[in-house]
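The structure appears below as structure tokens.
Quantities reported herein were computed from a predicted structural model and do not represent experimental measurements. Chain identifiers are assigned alphabetically (A, B, ...) following the order of the sequence lines, protein sequences preceding nucleic acid strands; residue numbering begins at 1 within each chain.
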2 protein chains.
Amino acid sequence: MMSRENAGGKIAVNPRLGEAAYEALRDRISRGVYRPGDKLTVRSVAETLGVSSTPARDAINRLTSENALVYAGPKTVIVPILSEADLKEVTVIRIALEGLAAEEATKHCGPLDVERLKALQIQINLGLERRDYASVLWHNKEFHFHVYAQSRLPRLVNLIDAQWLRVGPSFYGLYPEFAEERYGVRSHEMAMDAIEEGDSRALRAAFEADIRMGYLRLRSAVRARSSA
Amino acid sequence: MMSRENAGGKIAVNPRLGEAAYEALRDRISRGVYRPGDKLTVRSVAETLGVSSTPARDAINRLTSENALVYAGPKTVIVPILSEADLKEVTVIRIALEGLAAEEATKHCGPLDVERLKALQIQINLGLERRDYASVLWHNKEFHFHVYAQSRLPRLVNLIDAQWLRVGPSFYGLYPEFAEERYGVRSHEMAMDAIEEGDSRALRAAFEADIRMGYLRLRSAVRARSSA
DNA sequence: CTTCGTATTTTGTTGCAACAAAAAGTCGAT
DNA sequence: ATCGACTTTTTGTTGCAACAAAATACGAAG
């Protein structure tokens with residue numbers, strides 16, 4: 001499991017401040033610290049992370065180049081507010097990449113992986129009951145990426161991670177109403193069944209269904225916001 | 001068509017040196033100025049591009065974060081030398097992304113696009129006859145990206161571009177022997193036929209075939225090198 | 001209350017010097 | 001010649017100040 005330490009965002013010991021700042025900022029974005037539309041400045045990030053402006057600027061630039069942050073003006077970078085077209089595009093990209101990862105992962109998944117996924121699903125269900133949505137989102141991501149990691153295609157996983165970072169903040173904005181619907185429970189069960197049967201097509205289909213489900217929810221939220 | 005000016009790599013007028021340096025360096029890599037294994041340093045790039053070290057460092061960092069350059073040591077970035085596993089991974093990623101782009105593009109392709117592609121194919125054939133391989137590679141890229149652009153999914157096109165940048169230098173290393181085989185001519189004809197008939201599955205298949213063909217060539221080159 | 005133009009503040013970018021660490025070069029022993 | 005330890009050079013990173021430009025705050029006119 002990924003480390004859950006350092007949740008505040010402060011930089012730990014790392015000889016390369018730029019890299020550390022990048023990871024810390026990425027972590028904050030993926031955890032929902034920022035909301036879509038929030039503005040990030042070099043100096044504010046530098047102060048938050050406890051570094052000087054050079055590594056802070058490095059981190060912001062890098063996140064911007066992968067569209068995890070976007071320009072809202074020549075001197076203004078914000079957490080992206082996804083338009084309906086953006087959402088549609090990121091969804092077809094996710095289906096292509098995550099579908100591929102899931103299919104490739106089937107070859108390398110064993111009973112231990114199913115056990116791990118079951119444990120994660122229990123955590124997800126627990127979070128839903130307790131209305132601990134940060135936990136739900138966290139364990140949901142763990143669930144997906146545990147499978148993707150089995151593809152043994154590390155750059156593909158990085159690419160997928162970058163897409164999640166783009167939609168993450170919008171997802172946070174959706175909770176808590178969103179989570180009430182037990183979103184993802186069914187498709188996760190489909191996924192676990194597919195792995196047990198070694199059916200790569202079914203595993204792909206399960207993740208595709210999961211992504212499409214999330215897309216529909218997010219789209220209706222975007223529409224509700226744009227009409228308001 | 002993309003601008004072919006500024007081929008030397010010198011920065012033109014651009015208020016943002018970092019962005020300009022990034023584009024100039026990217027351009028040089030995609031044009032085969034560097035060979036796999038070539039070392040790039042902040043100071044050498046700065047001098048070549050005629051900027052100070054900050055924008056040069058920005059450009060290198062950004063290219064490194066998208067794997068167009070890789071670390072060969074803690075203080076050494078080089079143009080990547082793709083292993084067989086790297087090659088395999090980038091190929092499945094390309095098939096997923098470019099297949100998607102091609103399929104989406106079918107909806108928006110018209111007779112004008114076929115005309116454009118035909119003109120580009122003539123340029124490719126001309127380059128092959130004249131053994132002007134830089135021209136072949138250039139027009140081949142134009143051919144592919146003209147189609148991908150019609151998908152109207154700009155981030156997807158960016159993602160594809162990043163993958164091309166990873167394999168580009170290896171492709172250059174392959175020429176000129178490689179080009180003798182009229183690589184790509186048949187799959188390009190398949191692609192143009194598919195567009196004329198509006199057959200999105202066939203268009204996807206044509207580009208997949210093209211990518212797989214290139215993969216096989218590159219793989220045998222990698223094997224030949226690793227045994228030497 | 002809204003809108004437009006102006007003044008003030010904030011902000012990104014750039015160049016540069018200092019530092020530590022890594023790479024390249026050197027030379028001697030075997 | 002080959003290898004290894006040591007010295008020299010090169011290199012990435014960082015912090016910082018200056019500058020130009022954009023964002024913001026403010027206030028006057030409608």
Taking atom types as they are modelled, would you say the side chain of Thr54(B) forms a donor-acceptor pair with the base of dG15(C) within the 3.5 Å cutoff?
yes
Would you say the base of dG12(D) and the side-chain of Arg16(A) have a donor-acceptor pair closer than 3.5 Å?
no
Atom CZ of Arg57(B) to atom P of dG12(D): distance rounded to whole Å?
10 Å
Taking the inter-plane angle between the rings of Phe207(A) and Tyr148(A) on a 0 to 90° scale, is it parallel (under 30°), tilted (30 to 60°) or perpendicular (over 60°)?
tilted
Note: for Pro74(A) and Ser53(A) on DNA chain D, the residue whose nearest nucleotide lies more 5' is Ser53(A)
Salt bridge or not between Asp161(B) and Lys141(B)? Use side-chain N to carboxylate O under 4.0 Å.
yes
Spacing between Leu17(A) atom CG and dG15(D) atom P, to the nearest angstrom
5 Å
How close or far is atom P of dT10(D) from atom CG of Leu40(B), stated in whole angstroms?
18 Å
Do the ring centers of His188(B) and His144(B) come within less than 6.0 Å of each other?
yes
Taking only residues at least two apart or on different chains, which pairs with a member in residues 32-42 of chain B satisfy salt bridge (charged side-chain N to carboxylate O under 4.0 Å, His left out)?
none
Of the listed nucleotides (dT14(C), dT11(C), dA23(D)), which one gets closest to any side-chain atom of Thr41(A)?
dT11(C)
Leu49(A) CG - dT14(D) C1' separation (whole Å)
15 Å
Can we say Asp58(A) and Arg62(A) salt-bridge, meaning some charged N sits less than 4.0 Å from an Asp/Glu carboxylate O?
no
Any donor-acceptor pair, under 3.5 Å, between the side chain of Lys75(B) and the base of dA23(C), if you only look at N and O atoms?
no
Looking at Lys39(B), I'd like to know whether one of its side-chain N or O atoms comes within less than 4.0 Å of OP1 or OP2 on dA24(C).
yes
Side chain of Arg43(B): nearest nucleotide among dG15(C), dT11(D), dA23(D)?
dT11(D)
Nearest-angstrom distance from the residue atom CD of Glu47(A) to C1' of dT11(C)
14 Å
Atom CD of Glu19(B) and atom P of dT13(C): how far apart are they, to the nearest Å?
10 Å
Protein-nucleotide distance (Ile60(B), atom CD1; dT14(D), atom P), rounded to Å
14 Å
Please compare Tyr71(A) and Gly73(B) by the position of their nearest nucleotide in DNA chain C and report the one closer to 5'.
Tyr71(A)
Starting from C1' on dT11(C), measure out to CD1 on Ile78(A) and report it in whole angstrom.
16 Å
